[in-house]
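Indexing begins at 1, ligand by ligand and atom by atom, following the structure's order. Counting from 1, the numbers follow the sequence of the chain as shown. Since the model is a prediction, treat every value here as computed from it, not as a measurement.
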Amino acid sequence: MKHTITRKEVLNGADYLIDVVAPEVAKRFVPGNFCMMITVPNGERIPMSIQKTEGDIISLYFKKLGKTSYELDTWKVGDEIYKIIGPMGSPPPIKKYGTVVFASDLVCGHAENWAMCDILRKIPGNHIISIQSFPTAADVYPDKELCESVADEFILATEDGSRGVKGHYLDVLQKLLEERKIDQVFAGGAIPPLQKISELTKKYNVPVYTTVRQIMVDATGMCGSCRVFIDGEQKLACIDGPMFDGHKVDWESAISRLTMFKTKEAVAMDCLNEKMKGVK
Ligand SMILES: Cc1cc2nc3c(=O)[nH]c(=O)nc-3n(C[C@H](O)[C@H](O)[C@H](O)COP(=O)(O)OP(=O)(O)OC[C@H]3O[C@@H](n4cnc5c(N)ncnc54)[C@H](O)[C@@H]3O)c2cc1C
Ligand code: FES
């Protein structure tokens, strides 16, 4: 199977999107699933959220963080990704919830939110409010890549107030919870705010699904790298998640586990920098 890149666009200074041929993933994808990607033979496996599918094509949003994401940013339309595996994970129920808020402040969450908003909005009785937050106006994605077209109400927030509402999604949600009846919240993106949104929604007695991104090595349930504790019980984010009831997540343990490969990631990035210098 050739996983050819069919589109590549800049989203902001650090984030970019690619469309890539992946029929087996596209055919079976349900919002809440993710895929595993290996860009080159013997390359690392990296988990990726899927923003949308169209025919055989899946759309992915990337942040330039380390070796693989920087390297992939040098690729062009027509280049081929070695392997894309999936869909993986256990999506939350796709059903009538009532008034649903989707919130994110980071690339993976913006992608997930899009897919979830799009499917839940088609279910009668759901009213979808999307809050997407970015640090500044310069970081905001192009209009057509924001969740506006897949939500009933769309709130853009920037932390410095340079575009949209001033503040983080947590500030916007707090106001909504004070003013309106919200039946369900979904949140993705950076992990520390997900702990805060879990505390906030608990205060208002509103259920929340949070995406607990953990380091995934195999994503087949064999290595245990992605374990999370839900109500004291061990679960695997790659099999049972990655979306979990935020009120039940052991956030201290989930956050502490994220740094376990930092030294190796830094070494890989140094090697890439050396390689790139050689190319110039
Ligand atoms: C379910 C899930 C969905 C994700 N969706 C997206 C997405 O839509 N867009 C996106 O840009 N990123 C997403 N990520 C994170 C993504 O996998 C990492 O950004 C990517 O692996 C970075 O690799 P790198 O070599 O560029 O950077 P590295 O230097 O290897 O890593 C940089 C940081 O990325 C994270 N990371 C690295 N490897 C993994 C891994 N195997 N599993 C999980 N996190 C890792 C860690 O926080 C790490 O510190 C997702 C992660 C998970 C678990
Ligand atoms: S990534 Fe290995 S068990 Fe989930």
Side-chain angles (χ1 to χ4, degrees), residues 10-20 25 29 31-40 42-53 58-75 81 84-92 104-116 132 141 145 187-192 194 209-229 234-244 254-273 275-276:
V10 171
L11 292 168
N12 62 26
D15 301 354
Y16 57 95
L17 77 78
I18 63 167
D19 281 357
V20 57
V25 178
F29 170 70
N33 284 140
F34 64 98
C35 65
M36 215 60 187
M37 171 180 284
I38 309 171
T39 53
V40 290
N42 299 321
E44 65 171 346
R45 295 161 75 101
I46 58 167
M48 279 289 140
S49 309
I50 298 170
Q51 180 230 358
K52 63 178 162 58
T53 64
I58 61 172
S59 301
L60 309 168
Y61 288 175
F62 285 84
K63 180 169 286 301
K64 285 187 268 178
L65 268 183
K67 181 186 179 287
T68 304
S69 49
Y70 268 92
E71 203 164 42
L72 190 63
D73 189 38
T74 64
W75 292 25
I81 288 169
I84 301 179
I85 307 153
M88 294 178 163
S90 301
S104 177
D105 59 358
L106 199 69
V107 63
C108 41
H110 297 314
E112 266 160 32
N113 273 199
W114 177 294
M116 291 295 297
Q132 305 300 307
Y141 289 179
E145 299 299 333
I191 300 287
L194 295 180
Y209 276 109
T210 51
T211 301
V212 189
R213 263 184 310 105
Q214 291 291 282
I215 303 285
M216 294 185 182
V217 178
D218 62 342
T220 60
M222 302 294 284
C223 72
S225 155
C226 68
R227 63 181 170 269
V228 284
F229 292 91
Q234 183 179 298
K235 299 276 181 191
L236 296 172
C238 68
I239 302 285
D240 307 305
M243 291 186 188
F244 293 102
I255 290 169
S256 70
R257 294 180 58 74
L258 285 174
T259 51
M260 62 185 164
F261 292 111
K262 280 282 173 222
T263 314
K264 285 189 175 149
E265 288 160 7
V267 170
M269 192 61 207
D270 286 346
C271 291
L272 178 69
N273 282 333
K275 191 173 143 193
M276 298 304 256

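Within the 4.0 Å heavy-atom criterion, the part of Gln214 lying near ligand 1 is the backbone and not the side chain. When heavy-atom distances to ligand 1 are checked against a 4.0 Å cut-off, Val107 comes that close only through its side chain, counted from C-beta outward. Only the side chain of Glu44 comes within 4.0 Å of ligand 1, counting heavy atoms alone; its backbone N, CA, C and O stay farther away.
Remark: the Glu44 side chain and the Thr68 side chain contain an N/O donor-acceptor pair separated by less than 3.5 Å. There is no side-chain donor-acceptor pair under 3.5 Å between Tyr141 and Gln132.
For ligand 1, the atoms lying closer than 4.0 Å to a non-hydrogen atom of Phe62 are 11 (O). Annotation for ligand 1: atoms under 4.0 Å from non-hydrogen atoms of Tyr61 are 7 (C), 8 (O), 9 (N), 10 (C), 11 (O). Near Arg45, the atoms of ligand 1 lying under 4.0 angstrom from a non-hydrogen atom of the residue are 41 (N). Taking every non-hydrogen atom of Gly66 and a distance limit under 4.0 Å, the qualifying atoms of ligand 1 come out as 24 (P), 25 (O), 26 (O), 27 (O), 28 (P), 29 (O).
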Worked check of side chain to side chain donor-acceptor pair (under 3.5 Å) between Asp19 and Ser59: CA-CA 4 Å; Asp19 281 357; Ser59 301; 2.7 Å; yes

Where do Thr53 and Val25 land on the side chain to side chain contact (heavy atoms under 4.5 Å, CB included) test, with the steps shown first? CA-CA 9 Å; Thr53 64; Val25 178; over 6 Å; no

Dump the intermediate steps for side chain to side chain contact (heavy atoms under 4.5 Å, CB included) on Met48 and Ile58, then the final yes or no. CA-CA 11 Å; Met48 279 289 140; Ile58 61 172; over 6 Å; no

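Smallest separation of non-hydrogen atoms from Asp105 and Ala190: OD1-N, 2.9 Å.
The closest non-hydrogen atom to atom 16 (C) of ligand 1, taken over Pro47, Pro242, Ala111, comes from Pro47. Nearest-heavy-atom check against atom 46 (C) of ligand 1 across Leu72, Leu60, Thr68, Ile215 picks out Ile215. In the candidate list Met37, Met48, Lys63, Met48 is nearest to atom 12 (N) of ligand 1, counting heavy atoms.
Put simply, the side chain of Thr211 does not reach to within 4.5 Å of the side chain of Phe34, judged on heavy atoms. You'll find the side chain of Leu106 reaches within 4.5 Å of the side chain of Arg213, heavy atoms only.
Where the criterion is an N or O separation shorter than 3.5 Å, residue side chain and backbone included, Ser49 meets it with respect to ligand 1.
Within the model, atoms CD of Glu145 and CD of Gln51 stand 5.5 Å from one another, a figure rounded to the nearest 0.5 Å. Here the CG-CD distance, from Leu236 to Gln214, works out to 10.5 Å after rounding to the nearest 0.5 Å. Taken from CG in Leu72 to OH in Tyr16, the straight-line distance is 4.0 Å, to the nearest 0.5 Å.
Closer than 2.8 Å to atom 4 (Fe) of ligand 2 sit the protein N, O or S atoms Cys226 SG, Cys238 SG.
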